[in-house]
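In what follows, every heavy atom counts, from backbone to side chain, and hydrogens, waters and symmetry copies are set aside. Per chain, numbering begins at 1; letters A, B, ... match sequence-line order.
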Amino acid sequence: MPSSPLESVEFVVKHYNLAVTFACGQAFRWRQSGGAWEGVIGSRWVRLRQEEDCISAESFAPADWLWLRHYLQLDVSLEEIVATFPQDPAMLAAVSHCCGMRLLRQEPWECLASFICSSTKQVVQIQQMTALLSSRFGDPLPVGEGSAAAFSFPTAARIAAATEAELRACKLGFRAPYLLGAARALDAGKIDLSRLAELPLDEARAMLIELPGVGVKIADCVLLFAYGFQRAFPVDVWIRRALREIYFPKRRPKPARILKFSQSYFGPHSGYAQQYLFHYMRTSRGRSRRSA
DNA sequence: GGCCAGGCGCGTA
DNA sequence: TACGCGCATGGC
């Protein structure tokens with residue numbers, strides 16, 4: 001039994017859709033239970049509910065709730081961000097389709113590890129892998145009554161102490177040596193994740209791709225979802241397909257052309273715009289793959 | 001049963 | 001710079 005009481009709080013926030021935010025493929029450990037979302041932020045279990053412009057939260061011994069405000073990015077004005085997107089038909093449709101979708105500010109190591117696991121995996125499978133890693137190597141946390149067991153995400157040091165076979169047993173497949181290598185590099189102090197936030201985007205990216213299993217795409221996911229670099233623009237198969245179909249329908253652009261376009265067209269919050277396109281393509285119109 | 005998945009690393013042209 | 005391939009595994 002938890003020794004400290006469950007506490008609760010309410011936030012009033014406009015233009016925030018918790019369900020889309022948790023389901024859009026940026027974070028992988030949120031679970032819907034009844035009308036609530038349950039998850040773990042750092043070493044805290046949290047239960048969140050939303051009713052229109054009110055988000056209520058429950059957690060144990062939260063002290064203050066700044067950690068949650070920061071994670072949810074409650075002080076960000078979504079209206080101001082969306083106003084910077086290009087006003088073309090596809091972006092307008094994506095914004096309409098993903099109404100209230102926000103970018104979270106995740107813990108860097110968990111985000112990095114999750115996306116190392118993401119290579120050629122669907123979102124549901126990434127959820128499965130991160131759940132297995134947490135339950136086998138993380139620490140159990142106190143949870144609210146009636147909730148499923150919850151675990152902290154294992155530290156890099158804990159993963160570094162595991163064997164490749166143990167990671168493969170978490171269904172990581174060929175990603176296991178990548179995650180192990182990255183965890184051991186961090187545990188050995190080759191890169192300090194806590195210092196990347198101070199660097200320019202290009203330098204932070206260059207540091208991350210030194211890690212095994214981390215290329216430009218995964219680095220950009222981490223830079224966007226954990227550090228909030230607004231111009232980090234992950235290009236995965238969905239985004240590449242979207243850019244080709246929507247913006248280069250009559251020719252097959254070279255990768256360098258796609259890259260240049262993505263860096264200039266979408267404005268100062270291009271990473272945000274990218275996530276709107278990503279979720280829009282995956283959940284509305286992108287189900288046929290013949291034109292890829 | 002075949003295709004695809006929030007790729008990376010490496011070899012080759 | 002661009003392309004192809006192997007890598008594990010499960011959903012659809």
| request: Assign A:R168 to base, sugar-phosphate, or nothing according to its heavy-atom contacts below 4.0 angstrom with the strands shown. | output: sugar-phosphate
| field | Presence of donor-acceptor pair under 3.5 Å, side chain of A:Q274 and base of B:dG6 | value | yes
| field | Aromatic stack A:W238/B:dG6: centroid gap under 5.5 Å, interplanar angle under 30° | value | no
| From the list C:dA2, B:dC8, B:dA5, which nucleotide is the closest neighbour of the side chain of A:Y178? | B:dC8
| Main-chain N/O of A:P200 paired to A:E203 side chain as donor or acceptor, under 3.5 Å | no
| Sugar-phosphate, base or nothing in reach of A:G25, heavy atoms under 4.0 Å | base
| message | If you only use heavy atoms from C-beta on, which nucleotide in B:dC8, C:dA2, C:dC7 is closest to the side chain of A:K254? | response | C:dA2
| What residue pairs, at least two apart or across chains, pass salt bridge (Lys or Arg N to Asp or Glu O under 4.0 Å) with a residue in residues 52-71 of chain A? | A:K14-A:D53, A:R47-A:E58, A:R49-A:E58, A:R69-A:D75
| query | Which residues, if any, of residues 155-166 of chain A bring a heavy atom under 4.0 Å of DNA chain C? | reply | none
| said: Considering every strand and a 4.0 Å limit on heavy-atom distances, what is the contact class for A:L224: base, sugar-phosphate, or nothing? | reply: nothing
| task | Give one of base, sugar-phosphate or nothing for A:L172, where a contact means two heavy atoms less than 4.0 Å apart. | result | nothing
| query | Can you find a side chain N or O atom of A:K171 that sits less than 4.0 Å from OP1 or OP2 on C:dG10? | reply | yes
| request: Check the angle between the aromatic planes of A:Y272 and A:H269 and answer parallel, tilted or perpendicular using the 30° and 60° thresholds. | output: perpendicular
| task | Calculate the interatomic distance between A:I209 atom CD1 and B:dG7 atom C1'; express it in whole Å. | result | 13 Å
| Short side-chain N/O contact from A:R175 to OP1 or OP2 of B:dG6, under 4.0 Å | no
| request: Could you measure between the two P atoms, the one in C:dG6 and the one in B:dG6, and give it in whole Å? | output: 22 Å
| message | Within the 4.0 Å heavy-atom criterion, would you say A:V235 contacts the bases, only the backbone, or no part of the nucleic acid? | response | nothing
| field | Pairwise P distance for B:dC4 and C:dC5, with rounding to whole Å | value | 14 Å
| field | For DNA chain C, the residues among residues 103-121 of chain A that have a non-hydrogen atom under 4.0 Å from it | value | A:T120, A:K121
